[in-house]
Structures are given as C-alpha cells and as structure tokens.
Enquirer: 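Handing you this structure, nothing more for now.
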Protein chains: 2
Amino acid sequence: MTSTPTRKVGARDRLVSAAERLFYAEGIHAVGVDRLCAEAEVSKRSLYQHFSGKDAVVTAMLRAQAAKSVALFAPDGASPRDRILAVFDALDHEADSSDFRGCPFLGAAIELKDLDHPAVRIAREQKLALTEYFAEALRAGGVGDADLLALQLTLIFDGASAYSVVQGGSTPATRQAVETLLSAHGI
Amino acid sequence: MTSTPTRKVGARDRLVSAAERLFYAEGIHAVGVDRLCAEAEVSKRSLYQHFSGKDAVVTAMLRAQAAKSVALFAPDGASPRDRILAVFDALDHEADSSDFRGCPFLGAAIELKDLDHPAVRIAREQKLALTEYFAEALRAGGVGDADLLALQLTLIFDGASAYSVVQGGSTPATRQAVETLLSAHGI
DNA sequence: ATCGTTGTACACCGATCGGTGTACTTATCT
DNA sequence: AGATAAGTACACCGATCGGTGTACAACGAT
C-alpha cells in the first residue's frame with residue numbers, strides 16, 4: 001500500500017508537522033535537518049526517503065499550511081461585509097497570541113527571497129486565493145471593481161501581519177482601515 | 001584618532017556597506033561572516049575588532065539603513081497630501097526594480113523573529129518614525145485623529161512592500177487605497 | 001625615527017550544515 | 001510463513017558556521 005484514504009500518521013506527516021512548527025517559530029534557515037528530524041521523531045534517513053531535500057520539506061510544509069488556511073476563511077452564513085471582517089478579526093486575534101510570528105506565507109517568501117522557489121510560488125497562490133475570497137464576497141455585496149478593492153484589503157491584511165511582527169500584537173487601525181475602505185465602496 | 005568629522009572609509013564602513021548589500025539581497029542567516037568579510041575586503045580579524053559579533057554587524061547595518069531612510073521621506077516643499085503620496089510613489093518605484101526585496105526593516109524583523117533583538121528594535125523605531133512622518137503631514141493638513149490614520153497608511157506601506165516580495169513589482173491598488181483613505185478624512 | 005593604532009594573513013577551533021551509505025529492525029499484506 | 005515495504009541507528013562526508021590566537025605589515029602623528 002502506498003496511499004489509502006484513511007492514512008496512518010507516518011514519518012512524512014510527522015516531518016511536515018514539525019516543519020510547520022519549527023520553520024514558522026524560528027525560521028527556515030535557522031532550523032537544520034537534524035533538529036527537524038529529532039523534533040519529528042523521525043530518522044534522518046527517512047526524511048531523504050520521503051523528500052528530495054530540505055527545500056522539498058519546506059515546500060510540503062507551506063502546502064500543508066495553505067490547505068488549512070483556505071478552510072479557515074469562510075464562515076459561510078454571514079453577510080459579505082461580515083465575511084470580510086471575520087478574516088481581519090481572526091488575524092487580530094492571532095496577532096495577540098504570544099507565539100504569532102506573522103503570516104507564514106509572507107514569512108517564507110521574505111526569507112527565501114526567490115520568486116521562483118516552489119514554496120514562494122505557493123505563498124503567491126495563497127495570497128491570490130485570499131484576494132479572490134475577498135473579491136467574491138465583494139461581488140456578492142454588489143461592489144463594482146471588486147478585484148481592485150480585494151487587492152487593497154489584501155494589502156491591509158499583510159500590513160497588519162507585518163505590524164504584529166515588528167510591534168507585537170494587533171492594532172485597531174487595521175479594522176478602521178478596512179471599514180473605511182468598505183464604506184467608501186458602499187458596503 | 002578615533003573619530004573625526006571627515007572620516008576615512010575604514011574596515012568598519014566597508015563591513016556595514018557590504019552587510020547592507022548582502023543581508024538585504026540574500027538574508028541574514030544566508031550570509032556567513034566569511035562571505036561578508038570577503039565581499040567587504042576586510043579581514044575576519046578586523047570584523048571582530050570593530051564588532052562584538054555577527055549580531056552587532058546586523059544591528060549596525062540596520063542602523064545605517066535607518067539613517068538613510070529618514071532623509072528619504074521628506075520632499076519638504078509639497079502639500080501634506082503630496083508629501084504622503086510621495087512616499088508611496090517612491091515605494092512603487094523601488095518595488096518595480098528587479099533587485100527590490102521589500103522593506104529591509106520588515107525583512108530583518110521577520111527573519112530574526114525576536115522582538116528584543118536590537119536590530120528589531122531599530123526596525124520598530126523606524127516604523128514608528130514613518131508613522132510619525134505621516135501623522136505630521138496629516139496634522140498639517142488639518143486632519144483630526146491623525147495618529148490613527150497615519151497608522152493605517154503604515155499598514156498599507158508594509159502591505160505594499162509585502163506584495164512586491166510575494167508577487168513581484170508594484171500594484172495600483174496601493175495608491176488607490178491611500179487615496180481612498182485620505183479622501184475619507186477630507187484631504 | 002619611533003611608537004601606537006589599524007589592519008592583514010592564516011591557521012585553527014568545536015559545532016553544525018545538508019546529505020549519504022550500510023546494515024538492521026519492524027510492520028503489513030498475502 | 002515469507003516476501004515486501006517502511007523505518008531506525010549510526011557512522012561518515014566535505015563544507016560551512018561563528019569565533020579566536022598569533023605574528024606581522026602599513027600607517028599617521030609626534
């Protein structure tokens with residue numbers, strides 16, 4: 001058996017989980033494969049049987065984060081306006097937790113510094129997905145130029161994430177900015 | 001002589017310059033002290049005579065960047081509104097250059113992940129300085145709640161910086177968001 | 001001319017980096 | 001029971017990590 005619907009937690013999954021924790025908390029370059037394997041309770045040899053190298057682990061880890069994040073977006077019942085604000089409320093809440101280190105996709109992209117790196121590609125797609133989530137809600141709310149406003153909201157999202165990394169915690173300015181932008185477009 | 005007004009470019013300055021280039025382009029953890037010294041054309045021994053360690057070089061490098069950046073803000077003659085927009089125009093212009101890797105202060109803060117690191121402290125002060133620059137212009141423009149709006153502009157600034165790192169290049173959404181926010185506050 | 005500063009060259013340190021080779025144990029499926 | 005896949009233990013590789021010790025050359029100021 002190579003892969004069944006209900007999968008046992010194997011070495012691969014434990015590696016990805018450990019990678020999510022460690023790379024996010026301490027940085028990709030700051031965590032070596034030995035540390036990673038030890039924390040995942042996986043032999044070093046197993047890592048290289050599942051992945052072609054550290055980069056592949058990084059990519060898999062970001063992919064796993066992306067899969068979880070898209071699910072997080074949508075509290076589907078609410079109004080378009082609330083569906084948008086919910087994202088920022090969630091971000092503010094996370095930003096006030098002590099172990100928040102900013103958006104993991106943005107963090108990885110900044111640390112890797114290579115637009116062509118597969119992990120950065122995932123980060124890019126993830127940001128586009130967030131923008132599309134905003135755009136969809138805006139269209140449902142009857143906003144013209146939904147794409148442009150959605151991009152502006154993404155800017156604020158990443159700005160708020162950056163704020164929490166540099167200053168620590170969240171700021172009411174985030175929600176204020178979002179509400180001003182939404183009001184200005186009649187929603 | 002330890003320090004005179006007109007200073008010769010010594011080992012220290014060359015190290016800081018090289019650090020600005022390398023750490024920004026490739027990341028702090030990705031550049032070792034050997035590489036740094038080689039690029040600065042400075043012996044490794046000299047580095048440790050001027051700095052207590054790599055961390056101190058990182059801090060000095062961010063401090064140097066900060067000193068240059070504050071000067072960049074102010075095109076003093078213009079109107080409050082234009083003084084604000086000038087910052088975002090400059091950012092957009094930089095973001096379209098191929099070697100732009102985002103705001104160096106944000107980058108360092110994300111990579112170091114420690115609010116107490118001296119370099120991150122500098123980053124924090126730098127962001128506060130930018131916010132204060134915005135606030136001053138807004139006050140001159142007669143805006144109430146200048147501090148809060150200034151913070152919102154800083155969010156957009158960092159969001160736009162993040163955008164360029166993940167997507168490459170700039171986006172018109174930045175300027176649109178700024179203008180919407182300014183208009184909403186009557187400026 | 002001499003003296004302290006500033007810098008260089010270079011060998012060296014233990015630790016860690018990403019990655020591999022080999023041999024062994026443990027499961028799972030039939 | 002036997003075969004096959006999945007995983008472990010551990011030693012090892014060259015390279016690089018941040019940092020140090022020592023000895024020697026170039027310098028500017030008096």
Enquirer: For B/R63, I'd like to know if atom CZ has over 12 heavy atoms of other residues, nucleotides or ligands within 6.0 Å.
Expert: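 Result for CZ/B/R63: open.
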Enquirer: I need the CD-C1' distance between B/E41 and C/dA9, as an integer number of Å.
Expert: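 So the CD-C1' distance, B/E41 to C/dA9, works out to 15 Å.
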Enquirer: State which of C/dG7, C/dT8, C/dG19 makes the closest approach to the side chain of B/S43.
Expert: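 Comparing C/dG7, C/dT8, C/dG19 against the side chain of B/S43, the answer is C/dT8.
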Enquirer: Side chain of B/D34: nearest nucleotide among D/dG18, C/dG7, D/dG7?
Expert: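 Between D/dG18, C/dG7, D/dG7, the one nearest the side chain of B/D34 would be D/dG18.
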Enquirer: Is there a donor on the side chain of A/R45 or the base of C/dG21 sitting less than 3.5 Å from an acceptor on the other?
Expert: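 Counting by modelled atom types and ignoring angles, a donor-acceptor contact under 3.5 Å is found here.
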Enquirer: Quick one: B/R35 CZ to D/dG19 C1', roughly how many Å, whole number?
Expert: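 It is 19 Å, rounded to the nearest whole Å.
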Enquirer: Starting from P on C/dT22, measure out to NZ on A/K44 and report it in whole angstrom.
Expert: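 The distance from NZ of A/K44 to P of C/dT22 comes to 16 Å, rounded to the nearest Å.
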Enquirer: Let me know the distance between CG of A/L36 and C1' of C/dT16, rounded to the nearest Å.
Expert: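 Taking atom C1' of C/dT16 as the reference, CG of A/L36 is at 15 Å.
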Enquirer: Regarding A/D55 and A/H117, is there a side-chain donor-to-acceptor distance under 3.5 Å anywhere?
Expert: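 Yes, A/H117 and A/D55 have a side-chain donor paired with an acceptor closer than 3.5 Å.
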Enquirer: Kindly work out whether a path of hydrophobic side-chain contacts (I/L/V/M/F/W/Y, heavy atoms less than 4.5 Å apart) joins B/F134 to B/L128.
Expert: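 Each belongs to a different hydrophobic cluster.
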Enquirer: Provide, to the nearest angstrom, the distance between the CG atom belonging to B/L47 and the P atom belonging to C/dC10.
Expert: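 Nearest whole value for this atom pair: 18 Å.
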Enquirer: Which of residues 14-28 of chain A sit near DNA chain C, with a heavy atom under 4.0 Å from it?
Expert: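 Of all residues in residues 14-28 of chain A, none places a heavy atom under 4.0 Å from DNA chain C.
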Enquirer: Tell me every residue that passes ring-ring contact (aromatic ring centres under 6.0 Å, His included) with B/F23, counting only those two or more places apart in sequence or in another chain.
Expert: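 Here no residue qualifies.
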Enquirer: What does A/H29 touch in the nucleic acid at a heavy-atom separation under 4.0 angstrom: a base, only the sugar-phosphate, or nothing?
Expert: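 Since no nucleic acid heavy atom lies under 4.0 Å of A/H29, the category is nothing.
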Enquirer: Of the listed nucleotides (C/dG7, C/dG19, D/dT8), which one gets closest to any side-chain atom of A/Y48?
Expert: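 Of C/dG7, C/dG19, D/dT8, C/dG19 is nearest to the side chain of A/Y48.
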Enquirer: In whole Å, I'd like the distance from the CG atom of A/D55 to the C1' atom of C/dG18.
Expert: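 After rounding, the reported distance stands at 10 Å.
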Enquirer: Taking the six-membered ring for Trp, are the ring centroids of A/Y133 and A/F157 within less than 6.0 Å of each other?
Expert: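 Aromatic pair excluded; centres sit 6.0 Å or further apart.
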Enquirer: If you compare all heavy atoms of B/A60 against all heavy atoms of B/F51, which two are closest, and at what distance to 0.1 Å?
Expert: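 Here B/A60 and B/F51 meet closest at CB-CE2, 3.6 Å.
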Enquirer: If we ignore hydrogens and angles and just use 3.5 Å, is the side chain of A/Y24 paired with the main-chain N or O of A/R101 as donor and acceptor?
Expert: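 Pair found, side chain donor or acceptor close to backbone of A/R101.
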